[in-house]
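In what follows, every chain begins at residue 1, and chains take the letters A, B, ... in the order their sequences are listed. What you are looking at is a predicted structure, and each value in this text was computed from that prediction instead of being measured.
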Amino acid sequence: MSDTPASPAVPSDFIRDMVTDDINSGGLRSIVTRFPPEPNGYLHIGHAKSICLNFGIARENHGRCNLRMDDTNPTKEDMEYVESIEADVRWLVAGWADQVLGLKRRGAVPVQADAGGRPDTHLAAAIPGSGARHQLEPFFASDYFPQLFEFAVRLVEKGLAYVCDLSPEETDQYRGAPDRPGKESPFRNRTAAENLDLFRRMRAGEFPDGSRTLRARIDMASPNVWLRDPILYRIRHAEHHHTGKSWCIYPMYDFAHCLSDYIEGVTHSICTLEFEVHRPLYDWILKSLDLARPLPRQIEFARLNLGYTVMSKRKLLQLVAERVVTGWDDPRMPTISGLRRRGVPASSLREFARQIGVTKFNGLTDVAVLEKCIRDDLNRLALRRLAVLRPVKVVLTNIGMGDSVACEAVNNPEDPASGHRTVHLTREAWIEHEDFMENPPPKYFRLRPGGEVRLKYACIIRCDEVVRDASGAVLELRCFADLTTRTGQPNAGRKVKAAIHWVSAAHAIPATVHLYDRLFTEEEPEKDGRDLKSVLNPDSLRTVQAWLEPSLAEAVPADRFQFERLGYFCLDAASAPGHRVFNRTIPLKDSWSKAKAG
RNA sequence: UGCCCGAUGGUGUAACGGUAGCACAGCAGACUCUGGAUCUGUUUGUCAUGGUUCAAAUCCAUGUCGGGCAGCCA
């Protein structure tokens with residue numbers, strides 16, 4: 001698929017300002033950001049915002065953005081997610097920021113190095129182009145477990161961390177509450193030697209899950225609860241998707257994240273607002289270790305909230321698990337894979353991210369903004385095709401049985417280079433059910449008994465007779481085709497109020513078409529903690545049997561089509577050759593139905 | 001009621017002490033062999049109250065409202 005080029009406008013926001021300031025104040029050789037998802041679910045459009053931010057900043061500063069699996073919790077993570085995440089990121093940045101996508105050589109781990117005369121540990125991204133591309137893989141926080149362990153040991157030696165024997169429940173009670181100080185653990189003042197011994201035995205597997213933790217020794221009375229001796233390591237006798245059975249203790253997010261950033265040489269660690277209160281801990285850990293190289297800086301921004309969609313991985317997983325949708329890549333899902341299967345170009349998502357901007361304000365973005373981005377892209381690149389979703393038969397009484405009138409149709413009026421194709425008009429054609437009305441309301445321009453309409457690219461027809469079955473349902477419309485109104489014919493310029501789409505019944509090919517709509521009936525499905533099931537849109541998927549013009553037989557999933565006057569469609573990725581399925585990405589703007597309703 | 005963060009039209013976002021702008025949505029019109037696209041015009045805004053200043057969306061204070069934080073999740 002040929003994505004449209006990224007918008008030329010260079011975005012500006014408070015984070016980019018900070019990065020620029022950091023560059024101008026010196027000390028930074030190059031900018032390194034990172035995108036660090038936990039592989040416990042599929043990426044969604046909220047992640048797309050973060051990806052565009054992180055890769056965008058890397059790109060604008062000739063830096064790098066590392067893709068890193070933040071995989072420190074073996075009980076929630078899975079290889080399936082690792083693979084989908086990499087595929088989704090690659091798809092989203094392809095043709096835009098792939099040159100700054102930071103990956104490492106397969107199997108590479110941090111190296112011991114010397115930084116200004118001091119020992120250091122570091123892992124840089126592989127240089128793109130050096131060595132085969134297929135030998136690269138994302139970074140994994142779990143690759144740093146040995147280094148992380150050594151960092152923890154150093155903290156213990158400095159008296160800044162201790163092994164605590166409190167049970168989970170006791171730890172909870174000792175922590176206090178936001179408005180009430182915590183209480184110091186009775187194990188807080190163990191000697192460094194004892195802590196070291198205990199910590200090594202934790203690692204050796206001598207203790208059961210939950211029996212001990214390694215905690216930072218900070219301040220149980222801090223008004224910031226994350227500074228109240230936070231847990232650094234917990235015991236989990238569980239197999240890890242990336243490290244296997246090598247470990248039975250696993251670092252917590254706060255400990256692993258800042259140090260992973262450091263190891264990779266990240267300069268700006270951009271995350272969402274809920275980590276704002278963690279920033280003092282992020283800084284505390286890094287400062288406490290007397291590290292040799294410059295420290296990364298954490299900056300927070302507001303996550304995306306989009307109307308009529310849910311964004312939490314937990315709730316998306318729920319939709320999948322309860323089979324409300326067919327999977328993570330169901331075209332109704334706000335996941336990147338769902339949007340891709342739906343037919344949304346990556347460039348639309350990037351443009352959307354650019355348009356919504358980046359701030360610390362927790363707002364709700366109107367889906368119309370996304371829809372506009374998609375329509376703008378697709379209008380430019382989609383090939384126009386004729387398809388009838390709810391067919392009504394038209395018999396052109398003055399065209400002979402077996403006769404065929406060749407008509408030239410434009411492939412894309414927005415792109416003259418896309419050329420023309422021939423469609424055939426025959427005695428019988430399908431038109432859209434909605435394009436005929438027996439008793440139309442005022443200002444209805446299309447076909448009515450005795451009325452005229454143009455068959456697009458063909459000629460004007462006049463409805464002479466409505467044939468019904470016994471129940472009164474319309475069987476066929478018998479019409480006269482004024483062939484002198486075809487392109488190039490004397491009356492080609494004759495005006496009628498409307499031109500409608502059609503397909504020759506003799507040439508049409510059948511297809512199943514999925515008409516998708518928003519998944520929820522409420523703009524804020526998660527508001528007030530309501531049950532998602534109570535706000536599901538029963539019409540989020542309608543399936544129809546349609547007639548398509550024959551050229552659509554050759555469609556492949558990467559193609560983008562506009563079915564004229566209907567919307568944008570693509571061949572479903574799971575469509576079988578013998579049974580074509582098309583997905584509606586988004587309908588065309590429809591000011592008629594709006595006027596009618598209003 | 002502890003700490004942190006935020007507040008600009010309906011929505012999102014600019015303006016970095018000096019004319020409140022842009023996009024989306026809305027409305028009106030033009031054009032059209034897509035009731036699409038395009039084009040034109042247009043309605044609506046600085047949370048409140050004080051203070052500093054020649055000048056405040058911007059700086060300060062207080063208040064109001066909203067969000068986040070008490071996982072051995074990230």
Side-chain angles (χ1 to χ4, degrees), chain A residues 12-14 17 36-38 40 70-73 75-77 164 166-168 171-172 175-182 209-215 222-228 230-236 250 252-254 256-257 271-280 300 302 307 313-314 355-373 375-376 379-380 384 386 409-410 413-414 443-446 453-460 485 487 492-501 562-567 587-596:
Chain A
S12 162
D13 53 65
F14 78 99
D17 290 347
E38 183 188 16
N40 67 343
D70 206 358
D71 55 351
T72 56
N73 184 353
T75 62
K76 291 192 172 178
E77 297 152 7
C164 180
L166 253 25
S167 71
T171 306
D172 222 42
R175 188 162 29 235
D179 55 352
R180 175 165 42 85
D209 287 7
S211 60
R212 288 174 217 262
T213 57
L214 182 76
R215 301 177 67 179
S222 171
N224 181 340
V225 294
W226 290 101
L227 259 20
R228 320 241 262 230
I231 292 168
L232 268 20
Y233 269 90
R234 76 283 215 187
I235 300 172
R236 278 254 216 288
Y250 291 92
M252 296 288 290
Y253 163 84
D254 288 292
H257 203 91
C271 60
T272 44
L273 251 25
E274 67 268 28
F275 294 103
E276 210 161 17
V277 285
H278 294 239
R279 191 179 348 128
E300 312 84 15
K313 276 195 214 170
R314 207 193 93 243
Q355 286 188 22
I356 58 178
V358 179
T359 64
K360 299 188 77 159
F361 177 70
N362 213 312
L364 175 67
T365 297
D366 193 336
V367 263
V369 179
L370 206 216
E371 292 174 347
K372 168 77 171 160
C373 292
R375 287 197 180 100
D376 278 353
N379 177 48
R380 266 177 277 129
R384 311 294 129 123
L386 296 174
V410 175
E414 308 290 325
K443 294 196 182 156
Y444 180 87
F445 303 154
R446 290 107 94 184
V453 77
R454 179 178 283 279
L455 295 185
K456 188 154 192 194
Y457 306 126
C459 63
I460 293 172
T485 59
T487 306
R494 226 184 98 203
K495 305 281 182 202
V496 285
K497 281 294 251 181
I500 64 172
H501 58 279
Q562 182 195 105
F563 291 177
E564 292 219 38
R565 302 208 310 129
L566 294 171
L588 250 28
K589 239 170 76 183
D590 182 2
S591 46
W592 162 249
S593 66
K594 202 189 325 184
K596 198 175 47 173

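Under the side chain to side chain contact (heavy atoms under 4.5 Å, CB included) test applied with Ile231(A), the options Leu214(A), Thr171(A), Leu166(A) reduce to a single match, Thr171(A).
Gly357(A) comes within 4.0 angstrom of no nucleic acid atom, judged by non-hydrogen atoms across all strands. Using a 4.0 Å heavy-atom criterion, one finds that Lys456(A) contacts the bases of the nucleic acid, with or without backbone contacts as well. Looking at heavy-atom distances under 4.0 Å, His257(A) makes no contact with the nucleic acid at all. Within 4.0 Å (heavy atoms only), Tyr444(A) reaches at least one base atom of the nucleic acid. Among the heavy atoms of the strands lying under 4.0 Å from Leu364(A) are primed sugar atoms or P, OP1, OP2 only; no base atom is included. Base engagement by Leu166(A) is indicated by at least one non-hydrogen atom pair under 4.0 Å involving a base atom. Tyr250(A) comes within contact range of no nucleotide atom at all, as no heavy-atom separation falls under 4.0 Å.
The phosphate of A37(B) (OP1 or OP2) has a side-chain N or O of Lys589(A) nearer than 4.0 angstrom. Applying the 4.0 Å criterion to OP1 and OP2 of C72(B), one finds that Arg175(A) has a side-chain N or O inside that range. For G6(B), the OP1/OP2 oxygens have no side-chain nitrogen or oxygen of Thr359(A) closer than 4.0 Å. Residue Arg375(A) places none of its side-chain N or O atoms closer than 4.0 Å to OP1 or OP2 of G36(B). Distances shorter than 4.0 Å separate some side-chain N or O of Lys594(A) from OP1 or OP2 on G26(B).
Across G35(B), C72(B), G12(B), the shortest atom-to-atom separation from the side chain of Ile356(A) is found for G12(B).
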Given the rule that a pair is Watson-Crick or G-U wobble with both distances under 3.5 Å, how would you write RNA chain B in dot-bracket, using | for pairs to a different strand?
.((((((..((((....[..)))).(((((.......)))))....(((((..]....))))))))))).....

One pair to check against side-chain contact (heavy atoms from CB on, under 4.5 Å): His257(A) and Thr72(A). What are the steps and the verdict?
CA-CA 9 Å; His257(A) 203 91; Thr72(A) 56; over 6 Å; no

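Residues passing the ring pair (Phe, Tyr, Trp, His ring centres under 6.0 Å) test with Tyr457(A): none are found, sequence neighbours excluded.
Lys497(A) NZ: 12 or fewer foreign heavy atoms inside a 6.0 Å radius.
Comparing Ala498(A) and Thr213(A) against RNA chain B, the residue whose closest nucleotide sits nearer the 5' end is Ala498(A).
Classified by its glycosidic torsion, G71(B) falls in the syn category, the angle being within 90° of 0.
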